[in-house]
Every structure is written in structure tokens, then in C-alpha cells.
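In what follows, a single structure is set out as C-alpha cells and then discussed.
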Amino acid sequence: METLLGSSTSRTGSADRAAPARPTGLSEHGRDTAAVLAGLDALRRDDHDYADGTVFNSICSAPLPVARQVFAQALDTNMGDNRIFPSLRRAETEVTALLGDLLGFPDAGGVATSGGTEANLLAVLAALRRDGRRARTGRPARIVLPESAHFSFDKILAMLGVEPVYAPLTPDLRVRVETLRSLVTEDTALVVATAGTSEAGAVDDVPAIAEHTRALGVPLHVDAATGGFLVPFARDLGHPLPPVGLDVPGVTSVTLDPHKYGGAPIPAGQLLVRDAADLDRLRVASHYRGTHDHHGLLGTRPGAAVLATWAALHTLGRAGYRTLVASVFERRELLLGLLRGAGFAVAPAPDLTVVTVRHPAPGQLVDALERRGFIASVARRYGLLRLVVHWHQSEEQLRALVAALTDADREIGGGAG
Ligand SMILES: *Cc1c(COP(=O)(O)O)cnc(C)c1O
């Protein structure tokens, strides 16, 4: 089909693998808005809508209506210029305090980031710059992290040239605490734990890890990009989960992502730190008059997401998030029941909102499901089918998913049970 941006192929069910069509060049004359928008419709024709009930691979979702509205109004704001937009620094300070409170430490310092990747990067950098016991060994720094750590750490450690030391997992896909503890040495600059792994939603035993790192004086970073907005409310609701925030003594920093379960639009991430000295370790004096010092990677950076996060937090309050989290856990229970009823082997019991299923050919199953219009994924490290439950899915849509899964399983020769 010929589109504004050149010809393209139709939906293949493997969008990530197909090379996108290339335009022949920027045309001399622009087109009118109607033609551009028609071209855009064509360009976006294969996109899914969270509301259509086909998205089961995404930890992100549609933002709250108020967050969407604020984001659109604030598109021209730049966190890199505090003279034009003094509101943004106030908003960042308030969001940091509110998220610090959510994670058990209202006095936390922090940086609004583009997402969990940047926040994790800053946590690692701050740890490498600590002048503690590790620095005095004179040997290269190492970072101890679970085998389940998010893929952002692969990038970060490669960028910074730091050697990872991986701790293995239990059958529940949580980090094996005793082994992790034994891997912490004089060369360890930082230990990482995860509150909600992206592949299985597993929540590490943060208090048990923190007890050890605290005794040794080694910083502990909790990557709660997925779980930061889930765990505190799930605990309120009585789910048996450990605390994962700065309320746990020994936790020195936390990443969370308002653009996952926080109702905020992309790009909204946040680093929280217990000790303001960690922020100082990240500080780069601003080059520009009247502009606040930088602590993150970006220069020109969007204020819209911070303002939208501010709006989401104030709109929902604790009760609003608790209701959303309760509804997503109810959907999870429904999905688990439907899967088991259809003969699928759920494994292991999920801590949060990622449901994994044992299957002899999860990749084929995901492809067959995609031919039926549904997007799921494979937890690669574990070879499990991975389904993410989110508040954009209705009960009816979960039933449709399981019906399609059953059908897809039959098409590829079965083996689910
Ligand atoms: C999503 C995620 C990240 C990365 O965050 P981005 O916002 O995608 O940069 C890091 N850790 C975990 C556990 C995540 O789920």
C-alpha cells in the first residue's frame, strides 16, 4: 500500500522483525493537514489500542485522562530551562516528595527521569562514585545483581564498563538470598534487588538482602520500576509481599516508573535516594544562567511527563491507586482461574501482575496468538509464556484471551496441559 511515507507491507504479526519501509526523501512541498493525518492513519494502521483488549505484553498502559490532558497542555515545557518554566522544578520536588512518601520515606531526594533505565543508570553511577570501603580496595568495582535483573542493567553495565556478578534464582524466580549475600565482597560497589521483575513480576526479599548489605555498608538499589506503584497498595490490601522501599533500613535508592502502573504518560521515571549525598555525586553544575544543576542524562527534557505525573498523583490519591491495584489483582485472579480451567499450567504463582505459563513451545504459541490479534510474550530467560495483566483489560477481554490461547494451542498441536 502506498502511504505518505512510501509503500509498506501489511500486518505480518512480527512487526519487530520486519524492516520498516523507507521513504524516498523529504518532499520539496509540504502537504495539508488532512493529507498528513490521512497518511498518519495509514502509518499507524497496525497499532493496537490498549482499550481494544488485545495487549497482554505491556507493563505500560494508557495514562489517566487528566494526565493525558496535562501532558498535551504542557508539551512545550522544558525541564532544562528553569527561567522559562519555574513550575517544573517545583513539580519535580513535589513529585519526589510524594513518591518518597509512597515508598516509605517522605524526605527522599530524587530525580525525575525518562524512565526506569535512566533511573537505574543514575543509581549505579552514584554508587560507583561513593568513596567507601570498596573504593579503597583500588580494584575495579563490581555490582551484584539477580539473574532476573532488568535488561537495562545489561546496557548500563556495558556502558560504564562495570563487571556484573549474577546471583541465581529460586524456583519462584526470586533471587536466592543466601547466595546473593555470599557474592558480596570488598569489591562490591552496589547490590541490586528487584520489586517486580519485568519477566515474571517476582518480588525479591528486600528486607533480608538489606539486612546484610546494611551490616556491610554496601548500598542497595531496589529496581521497583514495575512494582513501585503496586507493592505498597497490594500490601495495604493484604497481599503477602515484603516492603521494598526506603522504609526498609539499608535500602539506599529506588527506581520507580510512573508510566507503568502510575497512570502517567511516557516518559515518566523516578529515582529516589535516601541520602542527599547521592544526589551530589550525580550533580553537574549547569552551564546555563538561572538553571538548576543537572543530575540526569538528558539536557533538554520534557516537563510534560512530570506535570502529568503530578496530576495523576493528586487525582488518584492513595485510595484511587488502591482501588486500581485491587482491580488489577482481581483481574489476575480471574485470569489464573481461566487459564487453569482451560488446562494451562501456571508457574510459578505470581507475586504481582505478570502471569507465566509453562508450555512446550511458548514462542510458537505467542505467534499463533498474534495471528488471532493478541499480543503476548515469552519470558526468554525462563522459556515461559508471559501475560501481563493491566487495568486496560476487561473481564470479557480476559475471557477472549484465554479462548484465543486455547485455540492457538490446538493449532500448534497442543501440549498446554
Ligand atoms: C520497565 C523496567 C525498567 C526500565 O524502565 P524503562 O522505563 O523502560 O526505561 C527497569 N526495570 C524494571 C524492573 C522494569 O520493569
Side-chain angles (χ1 to χ4, degrees), residues 16 55-63 67 71 95 99 103 110-125 143 145-159 164 166-167 169 173-175 190-206 209 220-232 234 241-242 244-245 251 253-272 296-298 301-302 304-306 308-309 312 328 350-356 377 379-382 386-390:
D16 54 334
V55 179
F56 291 90
N57 67 329
S58 177
I59 298 184
C60 296
S61 187
F71 192 87
V95 165
L99 296 179
L103 273 290
V111 188
T113 65
S114 54
T117 301
E118 189 190 3
N120 285 340
L121 170 71
L122 299 181
V124 172
L125 259 182
I143 290 183
L145 66 174
E147 275 175 5
S148 55
H150 186 261
F151 135 84
S152 53
F153 286 99
D154 294 359
K155 292 195 247 179
I156 292 162
L157 300 183
M159 276 180 196
Y166 288 107
L169 309 183
L173 306 178
R174 303 185 193 120
V175 74
L190 178 69
V191 174
V192 175
T194 314
T197 60
S198 62
E199 287 196 292
V203 178
D204 290 331
D205 187 349
V206 171
I209 298 167
L220 173 62
H221 175 65
V222 177
D223 179 1
T226 289
F229 281 89
L230 294 173
V231 174
L241 293 164
V244 297
V251 172
S253 57
V254 179
T255 284
L256 70 166
D257 258 354
H259 65 212
K260 285 181 176 160
Y261 286 94
I266 300 166
Q270 178 79 30
L271 174 70
L272 295 173
L297 185 64
L298 308 186
R301 63 184 177 121
V306 177
T309 301
V328 91
D351 286 337
L352 299 177
T353 55
V354 181
V355 170
T356 52
S377 52
R380 280 175 206 252
R381 284 162 170 149
Y382 319 132
R386 169 182 179 270
L387 300 168
V388 180
V389 182
H390 218 308

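Read the numbers this way: they start at 1 and go in the same order the structure lists the ligands and their atoms.
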Open item on the list: Donor-acceptor pair, distance only, cut-off 3.5 Å: does the side chain of Asn57 make one with the backbone of Ser377?
Closed with: no

Task: Derivation of the side-chain contact (heavy atoms from CB on, under 4.5 Å) call for Val231 and Tyr261 - done: CA-CA 11 Å; Val231 174; Tyr261 286 94; over 6 Å; no

TODO: Verify ring pair (Phe, Tyr, Trp, His ring centres under 6.0 Å) between His390 and Phe56, making sure each step is shown before the conclusion.
DONE: CA-CA 8 Å; His390 218 308; Phe56 291 90; over 10 Å; no

Open item on the list: With side-chain contact (heavy atoms from CB on, under 4.5 Å) as the test, pick out the partner of Val244 among Val203, Asp204, Thr194.
Closed with: Val203

- [ ] Decide salt bridge (charged side-chain N to carboxylate O under 4.0 Å, His left out) for Arg381 and Glu199; before the verdict, give the C-alpha distance in whole Å, the side-chain angles of both, and the deciding distance to 0.1 Å.
- [x] CA-CA 8 Å; Arg381 284 162 170 149; Glu199 287 196 292; 3.3 Å; yes

Can you pull every nitrogen or oxygen pair between ligand 1 and the protein closer than 3.5 angstrom?
residue	atom	partner	partner atom	Å
ligand 1	5 (O)	Gly116	N	3.2
ligand 1	5 (O)	Thr117	N	3.4
ligand 1	5 (O)	Asp257	OD2	3.2
ligand 1	5 (O)	Lys260	NZ	3.4
ligand 1	7 (O)	Gly116	N	2.9
ligand 1	7 (O)	Asp257	OD2	2.7
ligand 1	7 (O)	His259	NE2	2.8
ligand 1	9 (O)	Gly116	N	3.3
ligand 1	9 (O)	Thr117	N	2.8
ligand 1	9 (O)	Thr117	OG1	2.6
ligand 1	11 (N)	Asp223	OD1	3.2
ligand 1	11 (N)	Asp223	OD2	2.6
ligand 1	15 (O)	Thr226	OG1	2.6
ligand 1	15 (O)	Lys260	NZ	3.0

- [ ] Assess whether side-chain contact (heavy atoms from CB on, under 4.5 Å) is satisfied between Leu173 and Tyr382, documenting all intermediate values.
- [x] CA-CA 9 Å; Leu173 306 178; Tyr382 319 132; 3.7 Å; yes

